[in-house]
Amino acid sequence: MNKKNSVLVRSLLATGLGLVAGAIMMLFIGANPFEGYFYLVKGAFMSVERTFNVVGTGTALVLTGLSVAFAFKTGLFNIGAAGQMLIGGLCASTVGLLVPLPRIALLPTMFIAAALGGGLWGAVPGVLKAKFNVHEVVATIMMNWIAYWIAFYYIPTFIKAEFMTTESALLPAKASLKIPWLTELTNGSYINLGIIIAIAMVILIKFILDKTTLGYELKAVGYNRDAAQYAGIKVNKNIILSMVIAGALAGLAGFVYYCGYSQNMQIGKLPSLGFDGIAVALLGASSPWGVLAAAMFFGLLHSAKGFMNAITGIPPQISDTIIAIIIYFTATSLFIERLIKKVIARRKEKAKDAKGGED
Amino acid sequence: MEYIIEMIDIYKEFPGVIANNNITLRLKKGEVHALLGENGAGKSTLMSILFGLYHADRGTIKVRGKEVNIQNPNVAYDLGIGMVHQHFQLVHNFTVTENIILGSEGKQILDRKTASKKIKDLSVRYGLNINPNDKIEDISVGMQQRVEILKMLYRDAEVLIFDEPTAVLTPQEIIELMNIIRNLIEEGKSVILITHKLKEIKLIADRCTIIRRGKYIGTVDVGKTTTGEMAKMMVGREVLFNVDKDEAKPGEVILEINDLNVLNSRKTLGLKNFSLSVKCGEVMGVAGVEGNGQTELVEAITGLRKTESGTIHISGNEISRLSIRKRYETGLSYIPEDRHKHGLILDYTVGENMIMKLYYQEPYSKRGILNPTAIEEHSNKVMELFDVRAGEGNMSLASNLSGGNQQKAIVGREIDMNPDLLIAFQPTRGLDVGAIEYIHKRIIEQRDAGKAVLLVSLELDEILDLSDRVAVVAGGELIDVVNIEDTNENELGLMMTGVRREDMHE
């Protein structure tokens with residue numbers, strides 16, 4: 001309980017410090033930080049459309065963040081969420097464009113295709129790690145570029161748009177995660193069924209980690225590989241499994257992003273959301289609900305920075321810088337923890353002194 | 001006689017535990033003062049307060065009669081208090097000199113020469129036999145400890161605190177350390193010795209302060225007190241130094257090893273054509289100097305290491321090709337050598353650790369879903385049966401338990417699985433008298449209940465106390481198996497060097 005609280009405090013503090021640093025930077029470029037943040041918040045929530053855009057923008061981040069966080073729990077560092085996401089998107093888009101099924105069957109098929117594609121992309125580094133002790137960081141980065149070049153070839157060859165060769169064809173309405181009435185209700189926001197998928201995955205992953213023997217094994221391997229092996233847990237199996245699940249989650253991020261947020265795919269782009277997932281996982285302290293909150297916060301910064309820029313002239317990169325600074329503060333959490341302890345100790349001492357005075 | 005250090009009524013509380021409950025310790029100038037207590041009694045906390053690592057909630061500290069406030073270790077240094085930590089704090093690719101002057105370089109330009117000379121002089125004066133230009137990575141553990149001592153002397157420490165200094169030393173090195181401590185006293189230093197080993201106290205200390213579960217029990221004159229009395233004060237009851245056991249009633253063979261060959265980490269044969277059988281109702285001790293095939297033997301039986309050739313049978317089942325889990329299911333339990341590396345997952349709670357080998361079975365889980373109630377009940381039961389004490393019961397993180405309680409938790413977990421064969425690898429390493437006595441008793445209980453026990457230990461005393469038969473290993477080979485009544489310490493010691501019995505009597 002105590003530990004949980006300190007993690008929460010640490011994340012909130014990192015966020016606060018990041019915002020303060022952002023304010024200082026705004027001051028340096030001669031802008032008024034209060035104004036800047038006011039329009040950032042306004043840009044996020046001033047209308048129904050914008051409010052739901054925050055959610056729409058954060059949706060894929062929830063899943064990439066979950067992907068990284070899940071691998072963390074097993075002691076693995078998945079830098080390959082971008083590639084897994086790309087492959088997941090390719091698989092889902094291919095099914096959406098080429099498989100003639102009614103919507104009710106099509107969307108689940110796309111879901112499965114995305115999860116399988118991403119899962120396969122995670123499995124390769126997992127197997128390499130388990131069998132040959134190839135570090136997963138190296139393997140997942142390689143897999144990112146393999147995915148990148150596959151998309152480069154695959155999209156124009158198999159699922160190209162009618163006129164553009166650098167994009168895939170637009171998904172038909174029945175293959176899109178957008179729900180027409182909801183889109184209309186929110187004045188054309190990015191919100192789509194993806195958020196349901198994301199929240200469902202948060203709940204599922206939380207359940208797996210806390211309540212199942214699978215989660216028990218995965219965490220045991222993450223905490224102490226030798227002890228896990230001693231206990232008779234198959235370490236290699238769990239490493240592969242963890243990477244498959246992490247990959248599948250990132251694959252689903254590709255599904256909700258390419259078939260929900262946007263309606264097609266472009267070549268020559270490794271989705272930055274894959275890497276932002278690392279930041280989300282860090283800020284969310286690798287806990288599923290923490291990831292959800294962190295992803296929504298990043299969604300806010302991403303979706304509102306344009307508005308802030310338009311009104312105040314503060315460059316939108318400030319928003320990205322804030323994210324970067326938050327990550328620094330989260331990553332240097334030890335320093336922050338020490339700071340908290342010092343503050344608490346000082347307060348205690350003061351209280352003691354005050355008491356001593358009464359005696 | 002004047003006191004150089006007085007800690008009076010020190011009180012320190014951590015969440016859930018009172019680590020020090022009004023403890024008083026007075027150190028006379030020029031004495032060796034032992035601080036005796038079981039693991040978790042509060043010795044380290046008390047010394048950390050003196051060294052400025054923790055702050056007492058209440059109580060006063062006086063140095064040379066003057067009340068002081070030790071905010072951090074630098075203040076302690078300035079007062080002439082130095083600590084030789086149990087885990088050395090040395091930079092391995094630096095030389096002795098560089099390590100010693102680290103943090104007190106003084107001027108901008110390093111004056112290695114003067115520092116080296118001072119270190120050399122100190123080394124000669126205290127009989128430390130240290131070459132200031134050796135790199136840490138090239139010298140033995142015993143020597144590294146001396147570097148730690150030198151570090152304190154270099155800073156002109158008057159009072160040296162030794163935290164469990166003999167835990168990492170060989171018997172030979174322990175004797176040398178005792179001589180060094182005597183030299184320190186002769187040169188006018190004062191020493192506080194944190195320990196739970198009564199033998200050492202008897203050997204070197206003048207007075208001894210005993211604490212138990214955070215409480216001050218008393219301070220005694222070592223010369224006028226027997227080890228038995230001190231042990232009683234430490235543990236709170238009579239301690240039996242010799243394990244009480246009846247004659248073994250061995251039955252049928254449980255563990256049968258035939259022509260086993262196992263590679264060691266260097267990919268050469270660590271175990272050569274090894275054959276051994278252990279019967280139910282007996283303790284088979286495996287004696288040997290460290291690194292003579294014990295690890296390979298145990299890991300080959302438990303499945304952590306592959307075998308090259310040969311067979312292992314438990315109760316008639318060939319297990320050498322089975323998975324680790326299948327071997328446990330055949331009736332094998334295993335108390336591992338290293339409780340932090342293998343025995344426990346420190347980030348898991350005690351409850352979660354208790355089901356490490358059972359979590360996949362009913363009632364602890366059903367169709368892949370864990371059953372928290374069953375887990376809690378099970379761990380509470382084992383904790384009670386094996387006297388595992390933890391601040392927050394089964395919800396305590398394993399890392400928050402004292403070493404003795406961690407080991408009791410492991411022993412409890414393994415014995416509770418009701419094995420046909422119990423393998424205990426160094427089951428009491430680093431534990432205090434009370435915990436050792438307790439674990440020994442439980443091991444003998446297993447034997448008396450008709451189980452087979454394979455006890456691997458580097459401590460000959462432990463082997464002699466518990467075993468019914470002893471297998472001596474040297475260089476990865478079985479030298480001989482002898483009955484405990486037909487042998488003695490000397491003979492076993494000789495065999496451990498590889499001399500066979502036949503050859504001895506020629």
Side-chain angles (χ1 to χ4, degrees), chain A residues 1-7 72-75 133 203-238 241 245 285-287 338 340-342 344-353 355-356 359, chain B residues 15-16 54-55 57-58 71 298-299 302-305 322-329 332 334-349 351-362 364-372 375 392 395 397-400 410 413-414 425:
Chain A
M1 196 65 219
N2 213 344
K3 197 175 162 194
K4 234 182 196 167
N5 278 340
S6 86
V7 168
F72 266 152
K73 285 275 182 194
T74 320
N133 205 18
I203 295 169
L204 180 68
I205 294 301
K206 175 88 183 148
F207 180 77
I208 288 177
L209 284 175
D210 288 356
K211 308 270 182 209
T212 66
T213 51
L214 174 64
Y216 181 88
E217 288 186 5
L218 289 169
K219 282 188 294 179
V221 171
Y223 286 141
N224 185 343
R225 206 162 284 185
D226 293 314
Q229 192 195 11
Y230 156 83
I233 294 170
K234 294 208 164 76
V235 171
N236 284 344
K237 186 194 92 178
N238 276 287
L241 198 59
I245 294 174
S286 293
S287 95
R338 230 174 273 160
I340 297 175
K341 268 188 199 147
K342 224 180 207 175
I344 292 175
R346 198 168 299 163
R347 210 177 289 161
K348 253 192 196 161
E349 227 157 78
K350 253 186 204 164
K352 222 196 269 168
D353 286 349
K355 243 193 200 163
D359 287 345
Chain B
Y54 292 135
H55 303 287
D57 299 333
R58 287 201 298 271
Q71 282 290 347
V298 169
E299 292 192 349
T302 54
L304 286 166
R305 196 180 284 258
L322 295 181
S323 71
I324 296 172
R325 176 167 293 168
K326 282 269 158 55
R327 295 183 197 212
Y328 293 142
E329 287 170 351
L332 166 71
Y334 169 29
I335 301 165
E337 181 185 20
D338 187 333
R339 56 178 168 269
H340 290 172
K341 186 175 179 199
H342 287 117
L344 293 168
I345 295 172
L346 293 175
D347 293 305
Y348 267 166
T349 64
E352 285 168 325
N353 271 292
M354 286 296 182
I355 54 155
M356 234 163 116
K357 295 178 176 175
L358 299 167
Y359 68 92
Y360 62 95
Q361 297 173 359
E362 282 194 44
Y364 311 109
S365 68
K366 219 176 195 176
R367 285 186 223 95
I369 311 289
L370 294 170
N371 178 353
I375 294 168
E392 295 160 69
M395 296 305 285
L397 282 184
S399 54
N400 290 344
I410 296 172
R413 180 183 71 208
E414 297 306 314
F425 197 168

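So you know, we letter chains A, B, ... as the sequences are listed, proteins then strands, and number each from 1.
B:Met356 approaches A:Ala231 most closely through the heavy-atom pair O-CB, 3.6 Å.
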Begin with the C-alpha distance, continue with both residues' side-chain angles, and end with the deciding distance and a verdict on side chain to side chain contact (heavy atoms under 4.5 Å, CB included) for B:Leu370 and A:Thr213.
-> CA-CA 6 Å; B:Leu370 294 170; A:Thr213 51; 3.8 Å; yes
Would A:Tyr230 and B:Glu299 satisfy side chain to side chain contact (heavy atoms under 4.5 Å, CB included), going step by step from the backbone distance to the final call?
-> CA-CA 10 Å; A:Tyr230 156 83; B:Glu299 292 192 349; over 6 Å; no
Run the numbers on A:Ile233 and B:Arg325 for side chain to side chain contact (heavy atoms under 4.5 Å, CB included), then give the verdict.
-> CA-CA 7 Å; A:Ile233 294 170; B:Arg325 176 167 293 168; 4.1 Å; yes
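Proximity to chain B (any heavy atom under 4.5 Å) is shown, for A:Ile208, by neither the backbone nor the side chain. In this structure, the portions of B:Ile355 lying under 4.5 Å from any heavy atom of chain A include both its backbone and its side chain. For B:Glu329, no part lies near chain A; criterion is any non-hydrogen pair under 4.5 Å. For chain A, the nearby part of B:Arg413 is the side chain; its heavy atoms alone come within less than 4.5 Å. Heavy atoms of B:Glu352 lying under 4.5 Å from chain A belong to its backbone as well as its side chain. For a residue to count as touching a neighbouring chain, one of its non-hydrogen atoms must lie under 4.5 Å from one of that chain's; by this rule B:Tyr334 touches chain A with backbone and side chain alike.
With no hydrogens or angles considered, a side-chain donor-acceptor pair links A:Glu217 and B:Tyr359 at under 3.5 Å.
Ring geometry, A:Tyr223 versus B:Tyr348: the interplanar angle exceeds 60°, so the pair is classed perpendicular (tilted spans 30 to 60°).
Side-chain N or O atoms of A:Asn224 include one that pairs as donor or acceptor with a backbone N or O of B:His340 at under 3.5 Å.
From A:Arg225, atom CZ reaches atom CD1 of B:Ile345 across 12.0 Å, with rounding to the nearest 0.5 Å.
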